[in-house]
Amino acid sequence: MTDTNKQNIYTLEQNLIEELNDNKEDILENSYPIDVISEYAESWIPIYNYDLLEVAQSDLTLGHNDLEVEGDIYAQLSFSIYERLQSVACQWLQDNQVEVTQ
């Protein structure tokens, strides 16, 4: 039986995109949209260690990064999740800024 309440990186990515779409106009009209999407990405990082481990379990590549992150494994996982979500948000911004200019 699968636990549908388990957090995973794919759900976090989809939730982030949904939130960005819901706030699309405000984001694109902001003078610093990259700062705004960074805040949204950061808001989706789980805060509890158990949840961080659940997300990491959904994609083990989150446990590997080439950057030196100070702190324990949970700080490293938080940073890896943030990087992934930030990448998704930047791609969303790029795609939507292109739509606006066309």
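Being a predicted model, the structure only gives us computed values, none of them experimental.
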Approximate separation, where rounding is to 0.5 Å, of Leu93 CG and Leu28 CG: 6.5 Å
Euclidean distance, Glu29 CD relative to Asn23 CG, rounded to 0.5 Å: 12.0 Å
Side-chain donor or acceptor of Gln7 paired with backbone N/O of Asp51 under 3.5 Å: no
Ser43 (side chain) donor-acceptor with Tyr40 (main chain) under 3.5 angstrom: yes
Name each donor-acceptor pair under 3.5 Å that joins a side chain in residues 13-22 to protein atoms two or more places apart or in another chain, with its distance.
from, atom 1, to, atom 2, distance (Å)
Glu13, OE2, Arg84, NH1, 3.2
Asn15, ND2, Thr11, O, 3.3
Glu19, OE1, Trp44, NE1, 2.6
Asn21, OD1, Trp92, NE1, 2.7
Asn21, ND2, Ile17, O, 3.3

Nearest heavy atoms of Leu77 and Leu52, plus distance in Å: CD1-O, 4.1 Å
Ile73 side, atom CD1; Leu53 side, atom CG - distance, nearest 0.5 Å: 8.5 Å
Side-chain donor/acceptor of Ser78 to backbone N/O of Tyr74, under 3.5 Å: yes
Closest non-hydrogen atom pair between Ala41 and Leu85, with its separation: O-CD1, 3.6 Å
Nearest non-hydrogen partners of Leu62 and Ala56, listed with the distance: CD1-CA, 4.1 Å
Heavy-atom pair with the smallest gap, counting every atom of Asn8 and Ser58: CB-CB, 3.2 Å
Sequence-distant partners of Ser38, side chain to side chain donor-acceptor pair (under 3.5 Å), two or more places apart: Gln86
Euclidean distance, Gln91 CD relative to Asn96 CG, rounded to 0.5 Å: 10.0 Å
With sequence neighbours excluded, residues passing side chain to side chain donor-acceptor pair (under 3.5 Å) with Gln57: Lys6
Smallest separation among heavy atoms of Val55 and Ile9, with atom names: CG1-N, 3.8 Å
Remaining members of hydrophobic cluster (4.5 Å side-chain criterion), Ile47: Tyr48
